[in-house]
Amino acid sequence: MSATGIIETQTLEVSLGPQHPSTHGVFRMDVVLDGEYVVKLKPVMGYLHRNHEQIAEKLNWLGSMPYTDRLDYFCSMTNNWAYALAVEKMTGLKVPERAEYIRVIMAELTRLLNHSCAIGFLISDAGAWFTPVLYAIRERELILDFFEAVSGARMMCNYMRFGGVRVDLDDATLAMARNLVERWPKFLDEFEALLLGNEVFAARAQGVGILPRELAVNGSISGPVARASGVEYDIRKVDKYGVYERFDFRVPVGEKGDTFDRFMIRILEMRESVKILQQALRDIPAGPFIASETKLRNFKVPAGDGYGRIEAPKGELGFYLVSDGGAKPCRYHVRPPSFINLTVLEDMCLGQKVADAVIILGSIDIVLGEVDR
Amino acid sequence: MSNILGKGLVEGLVVTAKNFVGSYFDGKRKYRMFNYQYPEERMKLPENSRTFPFLVYDGTPDQLRCTACKICESECPPQCIYIVKDSDANGKPLQRPRVFDIDTSVCMQCGICAEVCPFNAIKMDCDFERSAHARFDDLITHLPVLLKSNDYYHQIKSAEATRVDATRKPVKKPAAATAPTAATPKAPVAVAPAPAPINPMPTPSDISNEDERAAWQRGYQSAIGDGEIVWPPPVVVKKKEAGTKPEQSVTNAPSPAPSSGGAPWHDSGLDLAKRMEMAAGRALADKLMAAMAQLDCQACGFDCRGYAESLAAGATKDFSLCTPGEDATKNMLEKLLKEAGKL
Amino acid sequence: MLPSLEQIRDSILAVIPATVELVPTNSLRVDRESALAVANFLKRDPKLRLDFCSCVTAVDYIKQDCIEVVYHLYSVALKHGPVVLKVRAPRAVEQCRVPSLTPVWRGCEYQEREAFDLYGVKFDGHPDLRRILMWDEFVDHPMRKDYVAPMDYEWEPTPHGETLARAKAQGGVVPASALEAKK
């Protein structure tokens with residue numbers, strides 16, 4: 001869009017970040033701007049690199065579990081589950097039914113708290129100074145109180161163990177969960193009334209940051225970002241891990257793949273999560289909460305490698321583990337959804353204005369703990 | 001839905017207005033207002049809530065449950081626990097810690113130490129109001145600060161503490177100042193009576209004033225060993241070829257007690273099946289020793305070799321004293337003793 | 001339905017003169033030279049259609065003196081997977097090169113950069129091979145098993161065990177001021 005022949009213009013290189021209120025953490029985008037339009041965008045990450053994978057090689061298998069909480073620090077329960085799933089695949093531990101239901105309840109509550117806050121932060125980036133976020137955070141507080149009653153900590157839960165969960169849910173805590181789930185549809189109605197019809201946000205988000213379907217598949221994009229682009233792929237339905245087959249829920253899929261679609265997908269997924277939670281809380285059986293063959297100390301995994309993945313709120317979270325039969329992993333790798341979803345950030349932002357680059361980043365929903373590990 | 005421009009905005013503003021006005025009428029915290037005016041009002045924390053660990057004692061601080069077996073030290077993921085086992089004047093190890101430091105600037109409150117402790121000695125506290133003045137030294141909690149009574153444990157976590165009291169098997173320890181002749185008939189005969197400990201454990205709650213406590217703590221530390229904490233000697237690291245990183249084989253498990261005839265199974269990292277395989281075909285005392293948890297923690301009153309020999313000789317009849325070994329060890333000992341005709 | 005590994009191997013060998021061996025229980029090891037052709041085949045073959053590259057990892061097998069790059073492939077079109085592809089390269093930094101599969105699956109881009117950054121594996125044909133997690137001026141590849149961290153760890157007030165042993169082995173010092181402050 002530069003005026004040729006009359007005025008000479010130059011492109012401007014701006015570093016958005018790493019200290020920036022809208023980059024969702026210590027993340028930097030080097031953008032080259034022509035006026036306000038983005039000509040080139042290079043993400044720069046690694047500011048939160050904490051060497052999680054190398055630390056895991058020095059710890060025994062259980063010792064990495066508290067560290068997985070700190071990967072995607074918003075969603076500690078799903079991180080724990082992905083790691084426990086990978087180890088259970090390699091050892092063949094059977095998880096009892098009650099533990100599977102508990103895991104589903106924790107994972108869907110995590111999805112609720114992640115999506116509500118992700119939408120809230122996206123709208124904050126668009127300029128609605130914190131009202132939606134604080135409503136979402138208010139509901140999130142109730143879920144965090146529930147997590148504290150169950151596992152002892154609000155965010156860094158360290159709750160899943162190989163073969164089950166760490167402590168059982170008693171009836172009082174289950175009642176707490178039921179109250180929570182009863183409140184949630186009302187909150188969602190209010191949230192939708194607040195945001196959905198809002199013309200300002202629609203003008204800002206519709207048509208912005210379109211991700212074509214073929215690029216989403218080729219770029220290994222997963223989670224709500226991919227589904228908003230029309231990729232009908234949800235690991236809960238494809239891999240059928242845990243007891244997800246027993247629940248009746250739909251997978252919302254978008255059409256255009258713009259920011260507004262990514263926003264809507266999260267709202268629809270929250271409604272589906274509430275459905276799953278209602279079914280799980282109704283059907284949870286009695287029984288043991290951890291496999292009897294599991295051990296806390298001297299836990300060894302047979303030699304070989306294994307890849308376990310789940311549908312985390314942000315996308316496909318996978319753990320690739322290599323064992324030589326010992327008490328420590330030989331290789332421990334995290335496949336982080338946020339990191340890989342950033343592959344297409346440049347493609348989505350080219351030709352958009354720099355203000356749009358900020359909300360496109362918000363709609364991908366990254367957490368730096370996961371991007372950098 | 002009609003298409004008046006601005007309708008969506010107005011709907012949103014109605015929601016905001018409802019929340020704003022409604023917050024004035026929400027005294028019971030049912031819907032919109034959840035704030036607690038801390039520190040005047042405090043929320044009641046759920047029972048499971050955990051922050052940093054503490055050590056439990058029953059009755060008086062001398063009767064702390066910890067035997068310095070060092071399982072928590074080896075299992076702690078960020079390695080924030082540092083334990084030195086106490087020993088008497090002759091250098092014989094006693095079953096309690098002389099130094100037990102937790103570096104709270106490193107501790108990530110995961111609770112794994114409390115999960116793996118076989119003696120229910122270390123539990124997670126729920127006190128979050130901790131602040132210190134200095135960045136490094138004041139954030140290390142030493143043994144006297146960590147010791148809290150079982151009554152305190154009941155106070156903060158009553159259901160859990162009751163469960164623990166109902167299921168734990170107390171470990172017999174020599175009492176502080178009295179001679180252990182008052183011990184129960186189960187006390188093993190082979191052990192010489194333990195002398196009075198070097199540093200009697202004071203009760204931290206006796207000291208109410210912060211300056212006094214600090215002064216006492218400094219005095220305690222100088223009593224340990226002339227104001228210097230004695231580090232254990234560095235482990236000799238086996239070097240591979242020159243230029244490559246030497247393979248670190250340092251663990252925090254205690255070094256094995258010297259045993260006659262070699263005891264390759266004396267490694268707490270091996271599991272029971274492997275240890276029994278290593279001891280197959282050996283004498284009864286060797287097989288009994290292989291069945292134990294290999295920690296030399298003296299929960300049974302001996303080190304591992306001593307307990308095995310005492311059981312083999314028939315001096316000790318009780319085969320359930322190996323607390324870290326739990327049921328697996330107990331069943332194996334019972335099986336071995338039955339096969340040998342000792343039962 | 002995903003064909004068995006033997007069937008996949010046979011269908012690859014029917015088309016490409018590669019060296020493909022089955023690694024029990026779940027992966028195919030391909031030689032470096034034909035990795036790109038095999039990848040294209042796996043993506044385009046109508047029975048497989050492995051269009052989604054989920055995870056790219058490098059593993060350092062110091063005992064076998066090689067670094068292996070592992071690709072986990074799934075199919076979004078046919079909803080099956082995974083097929084695990086492994087490519088080996090020698091450990092020595094100058095010889096550690098494999099072809100990049102980014103032209104086939106764009107999602108490998110950042111993950112191959114990470115393998116280069118942390119393991120030193122060079123990917124030929126990668127559009128933008130530079131460090132991603134470590135800073136640009138960093139030397140050496142930190143996740144290799146023989147990497148020795150420099151002696152500038154943040155001072156830890158209670159060094160014990162491995163940290164203390166390493167400090168003493170490398171000539172580091174436990175500051176005496178730490179001990180004095182406790183008096």
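Chain A is the first sequence line, chain B the second, and so forth, proteins listed ahead of strands; every chain is numbered from 1.
With a 4.5 angstrom heavy-atom cutoff, Leu195(A) does not touch chain B via any of its atoms. With a threshold of 4.5 angstrom between heavy atoms, Pro77(B) approaches chain A through its backbone and through its side chain. Heavy-atom distances place both the backbone and the side chain of Tyr67(A) under 4.5 Å from chain B. Proximity to chain B involves both the backbone and the side chain of Asn198(A), based on heavy atoms less than 4.5 angstrom apart.
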Please test Leu296(A) against Glu75(B) for side chain to side chain contact (heavy atoms under 4.5 Å, CB included), starting from the C-alpha separation and ending with a verdict. CA-CA 10 Å; Leu296(A) 279 179; Glu75(B) 295 291 316; over 6 Å; no
Given the rule in the side chain to side chain contact (heavy atoms under 4.5 Å, CB included) test, do Gln109(B) and Met156(A) qualify, once you have shown the distances and angles that lead to the verdict?
-> CA-CA 9 Å; Gln109(B) 301 138 49; Met156(A) 305 297 152; over 6 Å; no
Exercise. Go through the steps to decide whether Arg70(A) and Met108(B) satisfy the test side chain to side chain contact (heavy atoms under 4.5 Å, CB included), and finish with yes or no.
Key: CA-CA 11 Å; Arg70(A) 288 146 169 91; Met108(B) 55 185 196; 3.4 Å; yes
- Task: Step by step, work out the side chain to side chain contact (heavy atoms under 4.5 Å, CB included) result for Asn298(A) and Lys274(B).
- Result: CA-CA 12 Å; Asn298(A) 299 329; Lys274(B) 188 91 176 73; over 6 Å; no
_Residues Glu190(A), Asn19(B); criterion side-chain hydrogen bond (donor to acceptor under 3.5 Å, both in side chains); working and verdict_ = CA-CA 10 Å; Glu190(A) 190 187 69; Asn19(B) 271 281; 3.3 Å; yes
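Here the CZ atom belonging to Arg297(A) is positioned 4.0 Å from the CD1 atom belonging to Ile71(B), to the nearest 0.5 angstrom. Considering OH of Tyr159(A) and CG of Asn48(B), their distance stands at 9.0 Å, rounded to 0.5 Å.
Between chain B and the residues Glu192(A), Arg154(A), Arg161(A), Met65(A), the largest count of heavy-atom pairs under 4.5 Å involves Arg161(A). Between chain B and the residues Cys157(A), Ala202(A), Ala327(A), the most heavy-atom pairs under 4.5 angstrom are made by Cys157(A). Comparing Gly6(B), Cys126(B), Cys76(B), Pro78(B) by heavy-atom pairs within less than 4.5 Å of chain A, the highest count is held by Gly6(B).
Side-chain contact between Phe191(A) and Val15(B) is absent, with no heavy atoms from C-beta onward closer than 4.5 Å. Put simply, the side chain of Ile112(B) reaches to within 4.5 Å of the side chain of Pro66(A), judged on heavy atoms.
Here the closest heavy-atom approach between residue Glu199(A) and residue Gly8(B) is recorded as OE2-N, 3.1 Å.
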